[in-house]
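In what follows, chains are A, B, ... by sequence order, proteins preceding strands, each numbered from 1.
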Number of protein chains: 2
Amino acid sequence: MATESQKKATVSSTVEDYLKVVLKIEDMKQRASTSRVARHLDVADATVTDMLRKLKKAGLLEYKPYYGAALTPKGRRMAVRILRRHRLLEMFLHQVLGYGWEQVHQEAERLEHAVSDLFISRIDALLDFPAQDPHGETIPDARGFRQVEDDLCLAEAEPGSYSVRKVTNSDPEFLAYLDKVGLRPATRFCLQERTPFQGPLKLLPQSGREPVYLGLEASGSIFVLPLKDRPRAPESDPRAPASRMAGDHAGRSGDEKAG
Amino acid sequence: MATESQKKATVSSTVEDYLKVVLKIEDMKQRASTSRVARHLDVADATVTDMLRKLKKAGLLEYKPYYGAALTPKGRRMAVRILRRHRLLEMFLHQVLGYGWEQVHQEAERLEHAVSDLFISRIDALLDFPAQDPHGETIPDARGFRQVEDDLCLAEAEPGSYSVRKVTNSDPEFLAYLDKVGLRPATRFCLQERTPFQGPLKLLPQSGREPVYLGLEASGSIFVLPLKDRPRAPESDPRAPASRMAGDHAGRSGDEKAG
DNA sequence: GAACTTTATTAGACTGGTCTAAAAATGAAG
DNA sequence: CTTCATTTTTAGACCAGTCTAATAAAGTTC
Ligand SMILES: [Mn+2]
Ligand SMILES: [Mn+2]
Ligand SMILES: [Mn+2]
Ligand SMILES: [Mn+2]
């Protein structure tokens with residue numbers, strides 16, 4: 001066993017979705033507990049317990065009973081791969097097939113498991129290697145590197161000028177609404193005021209239309225980029241303005257114990 | 001139960017593949033026997049017996065033990081739908097993503113189950129409603145109608161001038177070979193002679209290169225269109241030159257008993 | 001039509017993914 | 001530290017899809 005050739009290790013689409021959910025939870029700096037994973041996947045807790053044990057046995061994550069799971073480098077690699085596929089597919093559906101940004105997620109959720117690597121590399125090239133998906137989320141590159149930006153959540157933003165960076169919510173209704181009021185990624189707006197006692201936010205989208213009132217709940221899934229006050233070039237999307245490489249490509253060994 | 005609204009009747013990708021295989025066998029005017037279906041799907045005979053019973057119960061096919069299966073109108077409708085998806089996807093992969101004609105089948109075999117109706121209608125429009133797939137097979141239209149042409153199999157053709165109409169073989173090696181010697185759909189060639197005692201066929205592709213010798217086995221998957229001898233416009237593909245509508249859209253009732 | 005071959009069905013088992021209901025561990029509060 | 005509520009695991013079941021081995025029906029040959 002000298003050159004330990006990396007074997008295919010094909011997993012089911014179910015497993016891919018579990019890994020992706022654990023990654024998502026970890027990205028939110030939360031503990032990947034049984035119930036949290038179950039909620040994200042809409043399955044029973046007992047189902048998750050079973051699956052986490054299986055995934056642990058497969059070396060895709062650490063799992064401590066009554067505590068939760070954490071991806072291993074191998075598991076993270078797989079999860080990031082699916083994330084990349086998902087987001088590239090969303091971009092493809094949006095740009096090439098003319099899907100609305102509220103339609104892309106559902107379709108990508110299935111296709112991410114079905115397309116080949118060739119398909120992915122072809123659409124990547126066709127789209128000219130996009131850095132973001134239609135919701136403003138960063139697309140991991142082919143090697144699994146992820147741009148990580150310090151997100152400013154609109155729910156915590158002070159009054160001022162912003163541009164929409166990303167929207168982390170895939171509810172079609174909600175996205176269609178944002179679209180209608182003019183809050184798409186890369187659009188600008190003014191946060192005029194935060195009404196007291198957890199009240200709604202008053203926004204003025206760039207398009208100068210009516211002011212928009214947004215509940216705290218909703219604003220929690222909108223992430224923004226503060227603008228250096230004086231408004232400049234209109235409409236160009238904000239590629240990589242404040243970001244660095246993440247160290248989670250998980251190269252050779254695995255030193256991410258529970259600790 | 002007045003207006004009996006047609007319900008979704010979602011089936012698994014496994015079921016879709018079974019239906020497609022039965023359709024294919026019926027199209028070849030053969031009896032869809034247990035073992036034949038099993039061979040096409042590469043599963044054990046016993047597995048097919050089980051499944052055919054299930055599909056019968058679901059109203060998708062007739063099944064007589066020790067005899068075989070025959071699609072019901074409902075089953076045929078579903079099978080044709082998948083066939084359409086498969087072929088449209090192949091065309092899309094070929095035309096938009098630059099896949100070779102020997103690469104498209106495998107990918108389409110998975111995607112046909114995963115894409116939405118919206119995806120299909122978008123690529124249909126993007127491709128300008130193609131009538132054939134990259135192998136020259138007819139693509140059923142959105143209503144499930146199929147162009148049926150009287151096929152002339154190269155294995156039974158007399159010496160003369162022909163153009164390649166379709167190739168009913170998805171072995172990548174074989175297709176790559178045909179490509180190399182210049183035998184793609186819509187290309188022309190001369191069948192110079194049939195060597196006796198089931199010997200190979202001697203062909204002269206239009207490109208005027210070397211003569212090609214083709215075994216009977218191989219020529220059995222190539223279907224051709226006889227040319228009215230005098231060569232005309234070069235290269236244009238032969239859309240619907242001798243065809244009529246098939247009556248297998250299976251409209252209202254089902255009168256296709258075993259008989 | 002008896003014997004043999006081929007084809008098909010039955011029987012029984014397994015895997016992956018899921019569920020519900022019951023039991024156990026954990027954590028919060030008194 | 002005991003009690004109660006919450007979270008998690010265990011136990012037992014189910015369904016879809018598959019397999020192998022054994023049996024039975026159909027077809028073929030003399
Ligand atoms: Mn998405
Ligand atoms: Mn998915
Ligand atoms: Mn094909
Ligand atoms: Mn298929």
By a strict heavy-atom criterion of less than 4.0 Å, which residues belonging to residues 44-53 of chain A are in contact with DNA chain D? A/Asp45, A/Ala46, A/Thr49, A/Arg53
Qualifying side-chain hydrogen bond (donor to acceptor under 3.5 Å, both in side chains) pairs with a residue from residues 166-177 of chain A, counting only residues at least two apart or across chains: A/Asp151-A/Lys166
For the pair made of NZ in B/Lys54 and P in D/dC14, what is the distance, rounded to whole Å? 16 Å
Give me the distances for all protein-to-nucleotides 22-29 of chain C N/O pairs that come in under 3.5 Å?
{"unit_1": "C/dA25", "atom_1": "O4'", "unit_2": "A/Tyr66", "atom_2": "OH", "d": "3.4"}

Relative to each other, are the rings of B/Phe92 and B/Phe119 parallel, tilted or perpendicular (30° and 60° limits)? perpendicular
Between atom NZ of B/Lys24 and atom CG of B/Leu83, what is the distance when rounded to the nearest 0.5 Å? 9.5 Å
Whole Å only: how far is the CD atom of A/Glu16 from the P atom of C/dG17? 11 Å
Positive for side-chain hydrogen bond (donor to acceptor under 3.5 Å, both in side chains) with A/Tyr99, one of A/Glu90, A/His105, A/Glu107, A/His94: A/Glu107
Ignoring backbone atoms, test whether B/Ser12 places a side-chain nitrogen or oxygen under 4.0 Å from the OP1 or OP2 oxygen of D/dG17. yes
Specify the separation, in whole Å, of atom NE2 of B/His113 and atom P of D/dG17. 12 Å
Closest-nucleotide mapping onto DNA chain C: is A/Ser13 or B/Arg31 further toward the 5' terminus? I mean the 5' end. B/Arg31
With a cut-off of 6.0 Å (strictly less than), are more than 12 heavy atoms of other residues, nucleotides or ligands near CD of A/Gln30? yes
From NZ of A/Lys56 over to C1' of D/dT8, roughly how many Å is that when rounded to an integer? 16 Å
In whole angstroms, how far is the P atom of C/dG17 from the CG atom of A/Asp42? 17 Å
Check A/Arg146 with A/Asp27, please: is the shortest side-chain N to carboxylate O separation under 4.0 Å? yes
Is B/Leu88 close to B/Asp133 at the side-chain level, that is, under 4.5 Å between some pair of heavy atoms? no
Nearest-nucleotide pick for A/Val43, side chain only, options being C/dT18, D/dT8, D/dT18: C/dT18
Considering the options B/Glu16, B/Arg85, B/His86, which one meets the side-chain hydrogen bond (donor to acceptor under 3.5 Å, both in side chains) requirement together with B/His113? B/Glu16
So do B/Val96 and B/Ile123 actually touch side chain to side chain, heavy atoms under 4.5 Å? no
Phosphate oxygens OP1/OP2 of C/dT6: is one of them under 4.0 Å from a side-chain N or O of B/Ser35? no
Spacing between A/Arg36 atom CZ and D/dT6 atom P, to the nearest angstrom: 17 Å
Kindly say if B/Tyr18 contacts the phosphate of D/dA16, meaning a side-chain N or O under 4.0 Å from OP1 or OP2. no
Using a cut-off of less than 4.0 Å, is there contact between a side-chain N or O of A/Thr34 and OP1 or OP2 of D/dT7? no
Do any side-chain nitrogens or oxygens of B/Thr14 fall under 4.0 Å of OP1 or OP2 in D/dG17? yes
